[in-house]
Amino acid sequence: MSRSDYRELGLAAVFVAAAALTHFLHVTPVVTFLVAAAAIALLARLVGSATEQLGGRVGASAAGVVQSGLGNLPELFISLFALHKGLVGVVQAALVGSIVANGVLVLGIAFLVGGLRNGTQTFDSAHARMIATLAALSAAILSMPTLAHTFHTPAATHGRTLSLICAGVLIVLFFVTLPSFLERRGDSEGEPPRWSLPVTVTVLGAAGIAAAFVSDWFVTALTPATHTLHMSQGFAGFVIVAIAGNAVENVVGVQLAARNRPDFAISVIVSSELQVALLLTPILVFVSLAFTTQLTLVFTPLLAIALLIGAAITALIVYDGESTWEEGAILIGLYIVIAASFWWGA
Amino acid sequence: MSRSDYRELGLAAVFVAAAALTHFLHVTPVVTFLVAAAAIALLARLVGSATEQLGGRVGASAAGVVQSGLGNLPELFISLFALHKGLVGVVQAALVGSIVANGVLVLGIAFLVGGLRNGTQTFDSAHARMIATLAALSAAILSMPTLAHTFHTPAATHGRTLSLICAGVLIVLFFVTLPSFLERRGDSEGEPPRWSLPVTVTVLGAAGIAAAFVSDWFVTALTPATHTLHMSQGFAGFVIVAIAGNAVENVVGVQLAARNRPDFAISVIVSSELQVALLLTPILVFVSLAFTTQLTLVFTPLLAIALLIGAAITALIVYDGESTWEEGAILIGLYIVIAASFWWGA
Amino acid sequence: MSRSDYRELGLAAVFVAAAALTHFLHVTPVVTFLVAAAAIALLARLVGSATEQLGGRVGASAAGVVQSGLGNLPELFISLFALHKGLVGVVQAALVGSIVANGVLVLGIAFLVGGLRNGTQTFDSAHARMIATLAALSAAILSMPTLAHTFHTPAATHGRTLSLICAGVLIVLFFVTLPSFLERRGDSEGEPPRWSLPVTVTVLGAAGIAAAFVSDWFVTALTPATHTLHMSQGFAGFVIVAIAGNAVENVVGVQLAARNRPDFAISVIVSSELQVALLLTPILVFVSLAFTTQLTLVFTPLLAIALLIGAAITALIVYDGESTWEEGAILIGLYIVIAASFWWGA
């Protein structure tokens, strides 16, 4: 393990411990909420590094499967605990928020950093364009139950059935498109593993268990903290949970843009968006069938609108074939305005 | 006439006869409905083949005009009978459904079949991109009366006037853009006619008359059949009428994709979409002025949304410049979810 | 000064005088309204020419700043007088109307004229594509307060705060993107100034003062004139004010298309769209804080929809990389239908 690996591990451990302290010492929920959010972000990053190390060991294909499964682990835990507490709105906002955060905020930061360092960046890989198209298509699929419910036949039972159809279609599409992503991944990674297999597995296990605990504390603190902060639960899900649970993982994408590899950066960022839409979302819909509060894909209308606008903008940006730091700045501006729209409300 | 021509003729005749039997023997409406739908699909295909044969005889330009006029004959008949029975919602759903079925479902099948047979297909013809742009523009025009009615001034009289303005603009645009399509068509077809002129005219006449009768039986069975099947009239129009009356004609597009001619495939499929928007729709609006129930372009909001999402996705897909079978699969998934959204409701 | 310069000056003077006569002689408001609209359009064009002359004198960068500031002067005056009279709806419609008029109508006329004169025009400058992307992004930002208010939390106070956040983001983005536009402009213009500096400054001053007076008369006549014409105030803002105050300035864009310089034409037209979104709109929001009636960015839903559809179509059209006169015709058709949608209503 390198020094930066130790630093990553240590930082995550410190924040997990701090989150435990704030939780068990009954510190004011706002502090627990923020510390736990930071701890989750660091654990998400750690799980990412560990699955990457695994990649060098077990072959690219198997690692890809593992990464798809484990990469979304922290967000999965938060969502499950939140569903268990009946916070369906938070989970829905977090799912859409992850997609929009990747496609608008993280892409914007990548363009800003990449553009300031390297000037105008051009990218023309068919792969980047293809996954942007896939992301737009899956956003369209994901928004249909909400649109049908808002503008067509607003009955709870139809919404549930339509959500299940939608989730079924999405998970089928995940398995249909998985092989082409795995192939791709094989091409692009060649670094030898720095961690031994036992270390990797231990880190993964420990991070997973820690993520489960911290998620529980985070969700417990969420409702009182949002009350204190006068923040809507929609904002908490759309911004805080989404960024803590998913988008930080995308530091990698920003680093790739800084290193002037814009095609690869876009692939990484948009793929992560796709995983939330095609894998995490349908899994949560199906798993929630066993819960008393079920997750449907009937979101608030503004979530569906944010999803569609975000996906359309991402597609335009990627098709453009060129990025500048100004484009990055406007993307970040768009994210700020979208996020601010969710501050008020339920 | 070749053997496959005889098979096509025979199959259509059998289904027309079956539809007649089910209608006159008062078989349960569900059966009449389904058999008549199949008969209409086969007649639509037959009219397509016959006008193609005519193309070799009377010159490409004249054939183009004839095909524009006759290609939509079955859907025109169904729409007229349905309007006569006051089923405005079915006709509106069928018009939007034809556009979405071409731009999402048929394109998806073409990509799936083309991709599985030939691997990744690239297309870069300016023509394909131009008609995708035209299709997006006409979808935007077509959706305005609904959007204005839903979100601005919901008065029946304004909706009617705006529909007439819209229909006027669309038909002018049809004549404006027609010459460039005819020119194009002249380039691409060179097969000598297999049918003599009398045979062609006889087939066209017979198919036309049969289409008129079958459409009547189909529309008569529609309301009771949808009741029995617990299917909304919107779904019947959006899916069944649209596919029976229009999309089957597009088997040609799928065959072209299978033969690795993706540019031509996209042109055929999207042109067919354009004909519904620029010709069939305004004709029906104007003709319906003579009816007691008038057709306006004030759709249910979900129809306008499906139209806009469908057109945006088609444009993205065509601009992408590359198609894979995975993209085809996701397009089909999107169509399933959109179609399912219409199952419930009025 | 050349003969055409004198003609331009004289024509503007005649219409300003005519507007003054109709105003002070209390001619029926409809006439004052129309004459003043024409006078404003001519003054807008004159200010454009004068700032261009200034460009040759003070250097491209300074001229760019001046032009950004003065180019929108007539529309700024109309908006201020209208806000002062409490006509918030007119101002909102005029802002969105300017953006849509540039991106749909003026672009359509440019393609029509350019295509009829020069056949199919291709354009592939990264710059044209980049500003189309920026325009789509700023349209998305600008539509968020309306979408949040319509579909999320309809509270007046939130709408106001969100508008201020949005205006703040837009004006920051104006300054962020300004340098890259100024640089650009330096490349493309090389004509020596035909007017002496004193003449230029005098013309600018006189045109500015005249614009202020005519705007006052125009706004005074607006409410009674729209009543007489049975035209909604939304239509007056979206079509009349927008075209008079802003779009006529874009004759330049059409002339460039006619001279077969499509890349430059698109840049000019879409840049003008961007200036309204990134500069004029936030300035008005902030200035209106000092007024009794404040300008928010919570539009009627149809305005937000027109904005989004217009921006999406502009982006598609520019990405297409090719324009034909048929495309121009359809764009004009789309503008007619959008404009007609605003005829009725408040």
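Numbers restart at 1 for each chain; the letters A, B, ... are given by sequence-line order, proteins then strands.
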Between chain B and chain C, identify every pair of one donor and one acceptor N or O atom lying under 3.5 Å apart.
unit_1  : atom_1 : unit_2  : atom_2 : d
R129(B) : NE     : D320(C) : O      : 3.1
R129(B) : NH2    : D320(C) : O      : 3.2
T133(B) : OG1    : D320(C) : OD2    : 3.1
Y319(B) : OH     : L316(C) : O      : 2.9

Can you tell me which portion of [X] sits under 4.5 Å from chain B's heavy atoms? Options are side chain, backbone, both or neither.
{"X": "I336(C)", "value": "side chain"}
{"X": "I338(C)", "value": "both"}
{"X": "I309(C)", "value": "side chain"}
{"X": "I330(C)", "value": "both"}

Taking all atoms of both residues into account, what is the closest heavy-atom pair of I313(C) and A140(B), and its distance? CD1-CB, 4.3 Å

Please classify the contact of L170(B) with chain C as side chain, backbone, both or neither, using a heavy-atom distance under 4.5 Å.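 No part of L170(B) comes within 4.5 Å of chain C.
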
Side chain, backbone, both or neither: which part of L173(B) has a heavy atom under 4.5 Å from chain C? side chain

With side chains defined as the heavy atoms from C-beta onward, is the minimum distance between L316(C) and L137(B) less than 4.5 Å?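 With C-beta onward as the side chain, the pair stays apart.
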
